[in-house]
Structure formats: structure tokens, C-alpha cells
Amino acid sequence: MSTAILTGSPVPGSSIEGDLRSLGFDVRTAADAGDAETLLAAVPGDERVAVVDARFVGHGHALRLGLTDPRFPLAAIPGAVTAQPAGRQALTRAMARENSASAGSATAGALARTTSSVEDVDSLADRIVASLDADGVDVHRPELGSLVAEVPADPQARNEARQAVAAVDDEAVRLKSAVKARDGFFTTHFISPYSRYLARWCARRGLTPNQVTTASLITALIAAGCAATGTRAGFVAAGVLLIASFVLDCTDGQLARYSLQYSTLGAWLDATFDRAKEYAYYAGLALGASRGGGTDDVWALALGAMILQTCRHVVDFSFTEANHDATANTSPTAALSDKLDSVGWTVWVRRMIVLPIGERWAMIAVLTALTTPRITLVALLIGCAFAATYTTAGRVLRSLTRKARRTDRAARALADLADTGPLAEPLIRFAPGGPRRTAPLAAAVGAVLVTGAAWAWGASWWLVLAALVYVALSAEALSHPLKGALDWLIPPFFRAAEYGTVLILAAKSGGGAALPAAFGLVAAVAYHHYDTVYRIRGNAGAPPAWLVRAVGGQEGRTLLVAVLAALLTASQFEVALTVLAVAVALVVLAESIRFWVSAGAPAVHDEGEPA
């Protein structure tokens with residue numbers, strides 16, 4: 001239960017008490033600042049508490065945004081401030097300071113002084129917020145837009161505030177704010193116009209975002225199963241269900257924003273299920289191509305699509321982390337992009353050509369229903385390759401033309417994304433050094449060397465030798481702080497090297513089950529890499545060092561796969577890949593589930609869906 005302390009007596013006709021109760025608050029009234037401090041001390045420390053001015057006039061959704069968002073320890077709007085347990089000590093300290101100041105003045109206890117303007121109104125809640133700001137405490141202030149939140153100074157101002165409340169449709173604003181401000185063309189114009197109402201329908205029936213997320217996953221898995229039948233009816237059903245799954249995928253985020261239901265478990269589900277749905281669908285297409293009388297083997301295409309998509313995402317993540325808090329973070333390329341943003345149609349074109357999730361899933365669904373799995377996957381590879389080239393080239397240009405100074409935090413994040421294991425670690429400690437411009441080149445040469453050797457020689461000891469050199473080059477790339485202009489390319493190079501080597505060796509083995517086993521291995525490793533990203537985004541750091549060592553690190557897994565390919569027959573290699581995939585999946589899933597359902601996991605809400 002949450003507690004709201006109402007300072008002073010409510011104004012006649014005010015709905016503030018009812019509004020607070022509708023938001024789940026137990027309302028208690030304080031006669032003065034001393035009484036408010038006493039009531040605050042009586043609230044259990046593990047509960048949310050709010051201090052609200054009794055003269056508050058505003059929309060119910062403004063109160064909801066200011067007082068119920070679970071992501072922030074402290075939050076405030078004009079006339080109201082709230083604290084969760086993590087922010088309780090700071091709130092108590094600020095309240096005591098303000099009570100002491102009031103007690104020492106001639107107007108002690110007068111919470112409802114009438115002054116000449118709204119800005120000069122003496123509100124205990126606002127004074128507490130000012131005190132928190134003076135202490136350097138981070139207080140979240142939600143964007144209210146056209147919503148009203150005021151503490152009027154006199155009856156005339158109160159009347160004007162109430163008229164302003166009546167002039168704005170609270171529910172319309174709430175529905176609009178449930179939709180992400182920046183989204184793809186297909187999502188904005190073909191999904192969100194009705195999915196927001198589906199989100200409201202779910203909220204009114206007590207459904208949670210996690211339940212909708214799970215329903216989206218189940219729908220996508222059924223779609224993958226339909227695609228796996230290999231029949232035209234199955235392909236049509238798969239396309240329809242994939243779109244239905246995407247509608248639910250949009251709905252879960254809109255429901256979370258509509259009802260402010262954010263949770264650590266929801267963050268984990270939302271962050272991982274999108275990838276699981278898409279990659280399971282690729283596997284369904286590959287199964288369908290070889291069933292129903294067909295003989296087309298497209299596992300290599302399905303695995304290639306997964307690898308390309310994962311590498312695109314790590315480019316996004318690495319570039320963002322490298323420039324998260326960089327200074328002088330400007331460039332002529334960024335300035336040109338800002339100018340293009342002022343021309344409306346260019347915004348939509350640039351959002352569409354990067355093939356974000358909405359456009360991508362729509363393309364996959366339509367092509368599945370109308371064509372074959374091979375055509376679908378080839379079109380997907382072409383589209384994603386173009387999008388990857390466009391976005392990566394733009395980011396390289398930005399990095400080369402900006403004069404930014406990267407921070408230690410950014411360097412640490414890139415090192416964590418690199419996923420370095422026990423083979424490279426000793427070499428890194430042996431040869432530390434300052435920043436080197438050649439670091440991305442070392443990673444790129446290593447990636448080309450190991451994948452090129454796999455392509456040229458296949459399963460051979462030459463490949464093992466190339467993999468050993470790759471381990472050394474990986475250490476060289478990471479033996480300095482990653483603060484160079486292009487150091488954010490190092491994690492993508494490593495992903496391409498590891499995943500690409502597995503794909504090439506599985507394709508060359510000639511075994512019928514090698515590519516499906518490789519698909520499973522890359523999926524398990526990719527999950528580990530996505531899990532790392534969302535931990536970093538939540539400021540929780542990388543996965544524990546024991547986990548990275550247990551699964552070998554990217555260089556260790558690459559060398560292991562090369563050795564297995566050289567030592568084993570084709571059928572034995574298939575078994576080895578399968579065992580390795582299961583082992584990696586079990587270890588990373590167990591640790592990931594433990595972390596994300598624990599009380600200490602960060603409440604990450606992914607507002608920026610990767611492409």
C-alpha cells in the first residue's frame with residue numbers, strides 16, 4: 001500500500017482525495033509541516049510515500065505520471081513529490097530541513113499562505129523538491145505536455161486552472177503518450193492507431209504487460225510452427241500470426257506506458273522475447289523449406305539472417321555506449337542529419353530504409369504468405385545488408401568527423417561488450433598500453449583471418465593456427481582503453497568473426513544436422529550478448545566474470561569450434577556443436593533468469609527498439 005500525505009485541508013469541491021485513492025494511495029491529512037513530518041515518520045520504510053498540497057488542481061494522469069512511476073526513486077510535479085524506499089532517506093532529510101525552517105519563521109505552520117502569483121505559492125511539497133535539488137539529489141520530473149498540474153494562489157487562479165483541466169481530454173493525452181514518440185513508419189501508421197486502444201482494453205481488464213508479452217511470444221512461436229509445416233496454408237497462417245504477434249508486441253509497451261506498469265521481469269521479457277520470436281521464426285522457415293515434399297535447404301540463409309541481424313544490433317549498442325556521455329559530441333554529419341529532420345518526409349524515409357522491426361516483420365510476413373522461405377530469407381538478407389551498410393557508414397562518418405572525448409564508463413562498456421574470455425585475458429595483462437588507433441584494425445584483421453581461413457581451408461589445422469592468431473589479435477585490440485574514434489567497431493568485428501566461423505564450418509561439414517546445430521549455438525551465444533547489453537543499459541555492469549569464463553569468451557569459443565572441426569568427423573562435429581549449444585544455453589539462461597528476477601535487477605524499459 002502507498003501513502004499520500006495531504007498538506008492542509010482540501011479546497012471545497014476538490015477531487016484530490018478521490019484522485020489519490022484511485023491511484024492506490026491511503027490518504028492522510030496533515031495540518032502543518034510538523035504534522036506532515038510526523039505522518040511521514042509513521043509510514044513503513046518499504047512503502048511508497050507522497051506529499052501532496054491539498055490545493056492541487058490538475059489532471060489525474062498528471063498525478064499518475066508524477067506519483068506512481070516505479071522506475072524512479074524520487075519524482076515530482078508542481079504541488080506533489082513522491083519517494084520509493086530507495087529515495088525515502090533523502091525525502092525525510094528534506095522534510096526535516098523544511099520543517100525546521102518553517103518553525104523558525106514568523107509564519108510557521110502556515111501551509112496555505114495566499115500570495116500574489118501562482119509561482120509564489122508556499123507549497124510544502126515544492127519546498128521539499130527545492131531542498132532535494134539543493135542537495136544534488138536526482139528528482140524525476142515527467143513531461144506533462146498539455147496536462148495541468150498547479151497549486152493556485154487564490155480562487156480566481158483556481159477557477160482558471162479548473163477550466164484548463166476541463167479543456168484538455170486527460171484520456172486522449174494518456175492514450176497518445178502510450179505510443180513511443182519515435183517509431184517506424186509501419187508501426188506508427190498501421191499498428192499504433194488501434195493497438196493503443198487494445199492496450200487500454202487490456203488495462204481495464206487487469207491484464208499486465210508481462211501477460212501480453214507472453215501472449216506475443218506464444219503467437220510468434222505458433223507462427224513459426226505454421227511455417228515449419230511447409231504447406232501454403234501454413235505459410236499464410238504464419239504470416240498472419242506474425243503480424244498478430246507484432247501487434248501484441250506493440251501493445252505490451254503501450255500498456256506499460258498507459259498504466260505505468262514497469263518491472264524488472266518485464267524489462268527482461270521485453271528485451272529478450274523479440275529476438276527469440278524473430279529467430280524462432282527463421283528456424284520455422286528453414287524447417288518448412290525442407291518439409292511438405294520440399295527439398296530446399298535454407299538453414300544457411302536462416303543462420304546468416306540471424307547473424308546479420310545480431311551484428312546490426314551490436315553496432316547499434318556499441319555506437320550508443322561509446323557516445324553515451326562523450327563530450328563535444330557533435331559532427332558535421334550529425335548536423336546534416338538534424339537539418340534533414342526538419343524536412344518531414346526525409347525522416348520517414350530514413351526510418352524505413354534501416355528496416356526497423358515493424359517494416360522487417362511486415363516484409364517477412366507478406367513474403368512468407370506469398371512466396372517461398374528461400375525468397376523470404378534472401379530478401380531479408382538483402383534488405384538487412386543494405387540497412388547495415390547505410391547505418392554503419394553513417395556512424396563511421398560521425399565518429400571520424402566529431403571531436404569527442406570518450407569517458408572511462410564508455411571504454412568499460414565496450415570492453416564488456418567485447419566478451420573477452422580466459423584465453424585473451426592473460427595476453428591483455430601482459431601487454432597493456434595507451435589508446436591505439438590500430439585497435440579496430442587488429443580486430444578487423446583477426447575477423448577476416450579466421451573467417452577467411454574457415455572459407456579457404458575448412459576443417460583443418462591451418463584454421464586452428466588462424467584461430468590462435470585471432471586470439472592474439474583479440475588481445476591486442478583490447479590491450480588499451482577503448483576510447484578511440486572507431487573503437488566501438490571492435491565488438492561487432494568479434495561477433496562477425498565468431499558467428500561467421502561457426503556458419504562457414506557448419507556449411508562446409510556436409511552433415512545434415514550441422515547447420516541446425518550451428519543455428520542453436522549462435523542463438524545461445526547471441527542471447528548471452530543481448531543479456532550483456534541490457535545489463536549495461538540498466539547500469540548493472542556486465543555479467544559476472546565467472547560466467548564469461550565458463551562459456552569461454554568469444555575468442556575461446558571460436559578456437560574451440562575450429563579445433564573440434566579439425567579433430568572430428570562430420571557426424572561427430574554435428575554432435576559436438578549440439579552439445580556445445582545446449583551447454584552454453586543452460587549456463588547463460590540459468591544466470592540470466594537468476595539475475596533478472598532478483599530484487600537487485602534494474603528496471604530497464606526499452607524505449608529504443610533496435611533496428
Inset, instruction - Among Leu67, Leu91, Asp126, find the residue that satisfies the side chain to side chain contact (heavy atoms under 4.5 Å, CB included) test when tested with Val81. - result: Leu91
Legend entry - Minimal non-hydrogen separation, His528 against Pro543, with atom names: CE1-CG, 4.3 Å
Legend entry - Pairs flagged by side-chain hydrogen bond (donor to acceptor under 3.5 Å, both in side chains) wherever residues 36-49 is involved - sequence neighbours left out: Glu37-Asn99, Arg48-Thr82
Inset, instruction - Could you tell me which non-hydrogen atom of Ala223 sits nearest to which non-hydrogen atom of Ala238, and how far apart they are? - result: O-CB, 3.3 Å
Inset, instruction - Count the heavy atoms of every other residue, nucleotide or ligand shown that sit under 6.0 Å from CG of Asp135, and state whether that count exceeds 12. - result: yes
Legend entry - Gap separating the CG atom of Asp274 from the OG atom of Ser216, nearest 0.5 angstrom: 7.0 Å
Legend entry - Distance in Å, Thr92 OG1 paired with Ile128 CD1, rounded so as to fall on 0.5 Å steps: 9.5 Å
Legend entry - Closest approach of Pro193 to Thr188 (non-hydrogen atoms, all atoms of both residues): CD-O, 3.2 Å
Legend entry - Whether Ser15 side chain and Gly18 backbone form a donor-acceptor pair below 3.5 Å: no
Inset, instruction - Looking only at non-hydrogen atoms, find the nearest pair between Thr29 and Asp35 and report the distance. - result: O-OD2, 3.9 Å
Legend entry - Spacing of Ser245 atom OG and Glu278 atom CD [to the nearest 0.5 Å]: 10.5 Å
Legend entry - Arg88 (side chain) donor-acceptor with Pro44 (main chain) under 3.5 angstrom: yes
Inset, instruction - Please state whether the rings of Tyr534 and Phe317 are parallel, tilted or perpendicular, taking 30° and 60° as the class boundaries. - result: perpendicular
Inset, instruction - Run the ring-centre check on Tyr194 versus Tyr197 and record whether the distance is less than 6.0 Å. - result: no
Legend entry - Heavy-atom pair of closest approach, residues Gly66 and Ile77: CA-CG2, 3.8 Å
Inset, instruction - Might you work through the salt bridge (charged side-chain N to carboxylate O under 4.0 Å, His left out) test for Asp249 and Lys277, ending with a clear yes or no? - result: CA-CA 10 Å; Asp249 182 59; Lys277 288 180 287 190; 3.3 Å; yes
Inset, instruction - Please report the closest heavy-atom contact between Ala542 and Asp416, naming both atoms and the distance. - result: CB-CG, 3.4 Å
Legend entry - Under 3.5 Å: donor-acceptor pair, side chain of Arg55, backbone of Val11: no
